[in-house]
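Below is one structure, written out as structure tokens; comments come after it.
Indexing begins at 1, ligand by ligand and atom by atom, following the structure's order.
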Amino acid sequence: MSTPATPPGFSTLAIHAGASPDPTTGARVTPIYQTASYVFNSVDHAASLFGLEAFGNIYTRIGGPTQSVLEGRVAALEGGTAALAVASGHAAQMIVFYTLLEAGDEFVAARQLYGGSVNQFNHAFKKFGWAVAWADGTDPDSFERAITPKTRALYCESIANPGGVVVDIAAISKIAKKHGLPLIVDNTLASPYLCRPKEHGADIIVHSLTKFLGGHGNSIGGIIVDCGTFDWLKAKHKYATLVEPNASYNGMKLAETFGNFAFAIACRVMGLRDLGPAIAPLNAFLILTGIETLPLRMERHCANALAVATHLAKHPKVAWVNYAGLPTAKDHAIQQRIAPKGAGAVFTFGLKGGYEAGVGLVSKVKLFSHLANIGDTRSLIIHPASTTHRQLTDAQRVAAGAGPDVVRLSIGLEDVADIIADLEQGM
Ligand SMILES: *Cc1c(COP(=O)(O)O)cnc(C)c1O
């Protein structure tokens, strides 16, 4: 008698999901298929690929075998039905909204976001005729107050930049469901190892693969995961790209044809095909290699970050530390519910010496790299007031969580004693 197979665990999926030995060469590791295009078997085969009647490789702008393994792996780790890998995290965000919105539509986003996303939503998206309304990620009801008849989606980060605040995705999802809207969650800072947004009610997940998923600071990439949970056919609002007959595919209706992975298909065959931000096969390969060690890396990232935050919290030169993993943090209870395995590795703290002390620290550190990135094996540091948030007024900087005394850390995988010693000599 056969017993039902136990579903594989997270670490097994991180190494195996989506991959099998190369059928032609036997190569065990997924090869880099460095080619622009793929030969058709026949005229009929070509026609069925172009008509979306069969899946297969056509041209690297639309997909390829290395990218496809990456997509299968991240979809499995997030518990989604399908995924689409693209050139960057920002490309993923652009394609998600291109698939959901028409000119004149709005969406509501938490204002605690990666700075580049705030810019993209405020300025670049305006050119597409899409408007963002800002809510407060620490106050789920503020999303409801920002919803208008034109709202078509809600958006937040799970662990939010820059302060590492953990957002109550479940509470925001309740509001999304009440108003018949899909919830999009940027899960970059948590990675699926710490948080699986689908389990808290997300419908669409986006990642910058550049950060913890790739994990080594060597390639830019992004991915969109379709959770398969939003019913486009029964939705309160009409999402035209998904439900209307598609003129570029012989009148095919994507939601009707592809069911619970129609969103991922629409992102590929409309968004990626027409806007064009494809990921390079080499980058997909490097990110896949990174993902194999995601569980081990995230455990060490979180343990190191907690040790550094605990050390700083009792340091005489430190005014405050914002790390959700500290039992004294305002969002500690939410972190225990949303990301119980750890609070991630990105957080901010304030130096009593203000602006001068912040600039002094970033110029004196030796192990830490002073740069604008997160989620590397290396420890990274930035003083937002003198760099990323330099152009703002003092008041704007404080509102954005980038006051004069704020220092942001992304804690790496070095020996934690060396990380702490470097901060000590810098302070
Ligand atoms: C880096 C980042 C992005 C943008 O991703 P890119 O790969 O740099 O385009 C989006 N969201 C978050 C939370 C990020 O950290």
* To do: Examine Lys211 against ligand 1 and note whether any of their N/O atoms are separated by less than 3.5 Å.
  =>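 Yes, there is a polar N/O contact under 3.5 Å.
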* To do: Assess whether atom CZ of Arg268 is packed by more than 12 heavy atoms of other residues, nucleotides or ligands within 6.0 Å.
  => yes
* **Option nearest atom 8 (O) of ligand 1 (shortest heavy-atom distance, choices Ala160, Ser117, Ser208)** => Ser208
* Asked: Which option out of Ile220, Asp186, Thr188, Val346 puts a heavy atom nearest to atom 11 (N) of ligand 1?
  ->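 Checking each option, the heavy atom nearest atom 11 (N) of ligand 1 is found in Asp186.
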* Phe263 and Phe258 aromatic centres sub-6.0 Å -> no
* **Check: Pro277 and Ile95 side chains under 4.5 Å, non-hydrogen atoms** =>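 Side-chain contact under 4.5 Å: yes.
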Under 4.0 Å to a heavy atom of [X] - the qualifying atoms of ligand 1, by number:
X	answer
Gly221	7 (O)
Leu189	13 (C), 15 (O)
Glu157	13 (C)
Ser88	7 (O), 9 (O)
Thr210	7 (O)

* Please work out whether any backbone atom (N, CA, C, O) or any side-chain heavy atom from C-beta onward of Ile374 is under 4.0 Å from ligand 1, and answer side chain, backbone, both or neither. => side chain
Between [X] and [Y], does any side-chain donor sit less than 3.5 Å from a side-chain acceptor?
X	Y	value
Glu106	Thr148	yes
Tyr193	Glu299	yes
Gln120	Gln93	yes

* Structure fact -> of all protein heavy atoms, closest to atom 6 (P) of ligand 1 is Gly89 N, 3.3 Å
* Asked: Looking only at heavy atoms of Gln93, does any of them come nearer than 4.0 Å to an atom of ligand 1?
  -> yes
Scan the side chains in residues 282-291 for donor-acceptor partners under 3.5 Å anywhere in the protein, sequence neighbours excluded, and list what turns up.
from: Asn283; atom 1: ND2; to: Ile220; atom 2: O; distance (Å): 3.1
from: Thr289; atom 1: OG1; to: Phe285; atom 2: O; distance (Å): 3.0

Expected list for residues 162-172: side-chain donor-acceptor pairs under 3.5 angstrom, two or more places apart:
from: Asp168; atom 1: OD1; to: Ala170; atom 2: N; distance (Å): 3.4
from: Asp168; atom 1: OD1; to: Ala171; atom 2: N; distance (Å): 3.2
from: Asp168; atom 1: OD1; to: Arg337; atom 2: NH1; distance (Å): 3.3
from: Asp168; atom 1: OD2; to: Arg337; atom 2: NH2; distance (Å): 3.2

